[in-house]
Amino acid sequence: MASSMGGMFPGQQPPGSHPPTGPGGPGQPGLLTGPPGNRGANNTLVDELEASFEACFASLVSQDYVNGTDQEEIRTGVDQCIQKFLDVARQTECFFLQKRLQLSVQKPEQVEKEDASELKNELQRKEMLIQKHLTKIHHWQQVLEDINVQHKPTELPQGPLAFLEQASANIPAPMKPN
């Protein structure tokens, strides 16, 4: 997989490999080098993504915007920075999706291994979640049992008027006027 992403990160191109090319073959711009006037000679998509991300924050904390009084100008500047970041993020996502597609065509067994690994991880996560919920259920069942044991009367009156007798026993006697 690392060799399929050669050139994405500066200085990490595998030895003996050719520089990345565009979909049309050698001589056409690729996703990493981009259109000729758009990126510098050594800039990659990751560098551009990082720069646009930093520009978003810089525009938000810039003294020009803090001291500025024209809210529309501030809004426009921030919107442009955010739009640039989103555009570069989409390009980066497309790059990785293309590499993922290439990998799935060249090594389908690798994709299946990754899918199986993801499913195993998801099962483990769900098993842990089930255990957590079972622990909570056992805790609350114990709390309910403790409450039932504490409030269980030792003698229960029997008979048709037993409930009425028990309720009247809890009513305080009326106070006599002095």
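Taken to the nearest 0.5 Å, the CG atom of L129 stands 10.0 Å off from the CG atom of L134. Distance check, rounded to the nearest 0.5 Å: NZ of K99 to CD of Q106 gives 8.5 Å. Separating the CZ atom in R100 from the CD atom in Q110 is a distance of 8.5 Å, to the nearest 0.5 Å. Expressed to the nearest 0.5 Å, how far OG of S52 lies from CD of Q80 amounts to 13.5 Å. Note that CG of L123 and CD of E118 are 12.0 Å apart. Values are rounded to the nearest 0.5 Å. Interatomic distance, CZ of F96 versus CG of L103, reported as 12.5 Å (0.5 Å rounding).
The hydrophobic cluster containing L101 does not contain L45, counting ILVMFWY residues as joined when their side-chain heavy atoms lie under 4.5 angstrom apart, directly or transitively. Criterion: ILVMFWY side-chain heavy atoms under 4.5 Å apart, direct or through other members. Under it, W140 and I147 are part of a common hydrophobic cluster.
We find that K113 and E109 are not joined by a salt bridge, their nearest charged nitrogen and carboxylate oxygen being 4.0 Å or further apart. Look at D87 and K84 and you find no salt bridge, because none of the NZ, NE, NH1 or NH2 atoms lies under 4.0 Å from a carboxylate O.
Side chains of E122 and K126 form a contact here, defined as non-hydrogen atoms less than 4.5 Å apart. Contact check for Q91 versus L49: no side-chain heavy atoms found under the 4.5 Å cut-off.
Shortest non-hydrogen contact noted between C81 and A55 is SG-O, 3.9 Å. Annotation for V111 and S104: closest pair CG2-CA, 3.6 Å, computed over non-hydrogen atoms.
Using modelled atom types, one finds no donor on one side chain facing an acceptor on the other under 3.5 Å when comparing Q83 with D79.
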